[in-house]
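Remember, it's 1-based here, ligands and their atoms both numbered in the order they're listed. Since the model is a prediction, treat every value here as computed from it, not as a measurement.
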Amino acid sequence: MRNSLSISSDQAKMFFPIPRELDPIRMPQHLAIIMDGNGRWALGRGLPRIMGHKAGVEALKTTLRLCSDWGIGALTVYAFSTENWSRPGEEVNFLMSLFENVLQRELKSLKLEQVRINFIGDLSPLPNRLKELIQEATDSTSRNQGINFNVCTNYGGRRELVSAAQKLAEKCVQGDLKPDEIDENLFASELFTAGNVDPDLIIRTSGERRISNFLLWQLAYAEIHITDTLWPDFDATALTKALIDYQSRRRRFGGLESNNAEHYEI
Ligand code: FPP
């Protein structure tokens, strides 16, 4: 199935209103997505896996546009994990070229749409041309006022936590910090996502029910929505369903709902 709402650059200024089923006041501030199922989408059509990644880019453009138009402040997507290097070299090379091409092609629209793009992860082993494009895209959109778009690239949650611990340990060794001064806020300030609110909602496509080393710290209280939809088929209808699911949840953050609290008052 194609996206029912496919967004191309010639539609750059079209605005997509919030569906009536959704409460605009209770949109998540930050949405995280594990975009899974590109390979299966392609294989199901008798196509090479890489065609699934190409189609996945279109689903991502649609999702970014919808999130921006619907008032979601930040979108963080898992584009390439630290484990993805173990895929066949051809697929890894294709993905790296795809990231380069997309960045080159879409930078103008990102600027126009006021998107602030940021890449999260250890970018050092990426191809030089890609690193240059990432730098250019990050710098040239850093003052934009619209949605924060975080692309996790060579990202692994455990590695991020270890790196934060190392930075704090180094400060302690230098005498700039005492171990008992380390609290959750200070720890979070050493993560790649420093300055972002934690995701309120995590969506994983393709029916898998794993976190897969994604935003291990940041997802502590996120609501989880799993859909069988394969990522390239993820569209406005699928996003609306996920948001309806999110808005039906009662978020307690480990406490009690306010209308239950009275039962425990002394
Ligand atoms: C998972 O599907 C998808 C990926 C590893 C790549 C996702 C990347 C994109 C959609 C492109 C994003 C581009 C930019 C510039 C941000 P899979 O291959 O694991 O699918 P499978 O589980 O069916 O094999």
(request) Flag Asp36 as yes when one of its N or O atoms lies below 3.5 Å from any N or O atom of ligand 1, and as no otherwise. (result) yes
(request) Using a 4.0 Å heavy-atom threshold (strictly under), name the region of Arg87 that reaches ligand 1: side chain, backbone, both or neither. (result) side chain
(message) Please verify the inter-ring angle class for Phe187 with Trp217; under 30° counts as parallel, over 60° as perpendicular, anything in between as tilted.
(response) parallel
(request) Output the list of atoms in ligand 1 that are nearer than 4.0 Å to some heavy atom of Val151, sorted by atom number. (result) 16 (C)
(message) Can you check which of Asn38, Ile34, Val92 brings a heavy atom nearest to atom 2 (O) of ligand 1?
(response) Asn38
(request) Decide whether an N or O pair under 3.5 Å exists between Ala79 and ligand 1. (result) no
(request) Please state whether Arg49 comes within less than 4.0 angstrom of ligand 1, counting heavy atoms only. (result) yes
(request) Of the side chain and backbone of Leu60, name the one, both, or neither that has a heavy atom under 4.0 Å from an atom of ligand 1. (result) side chain
(message) Check contact between Gly37 and ligand 1, using heavy atoms of the residue and a distance below 4.0 angstrom.
(response) yes
(request) Taking the side chain as every heavy atom from C-beta outward, state whether Asn38 and Arg49 have any pair of such atoms under 4.5 Å apart. (result) no
(message) Any non-hydrogen side-chain atom of Arg65 less than 4.5 Å from a side-chain atom of Phe16?
(response) yes
(message) Please state which option from Arg40, Met35, Glu100 has its nearest heavy atom closest to atom 22 (O) of ligand 1.
(response) Arg40
(request) For the pair Arg129 and Glu100, find out whether any cationic side-chain nitrogen is under 4.0 Å from an anionic carboxylate oxygen. (result) no
(message) Checking contacts here: is it the side chain or the backbone of Leu103 that comes within 4.0 Å of ligand 1, counting heavy atoms only? Could be both or neither.
(response) neither
(message) For Trp85, does the six-membered ring have the charged nitrogen or CZ of Arg87 within the cation-pi criterion, i.e. under 6.0 angstrom from the centroid and within 45° of the normal?
(response) no
(message) Please list all pairs meeting salt bridge (Lys or Arg N to Asp or Glu O under 4.0 Å) that have one or both residues in residues 201-218, counting only residues at least two apart or in different chains.
(response) Asp36-Arg204, Arg40-Glu208, Glu208-Arg210
(request) Compare every heavy atom of Ala222 with every heavy atom of Pro199, then report the nearest pair and how far apart it is. (result) O-CB, 3.5 Å
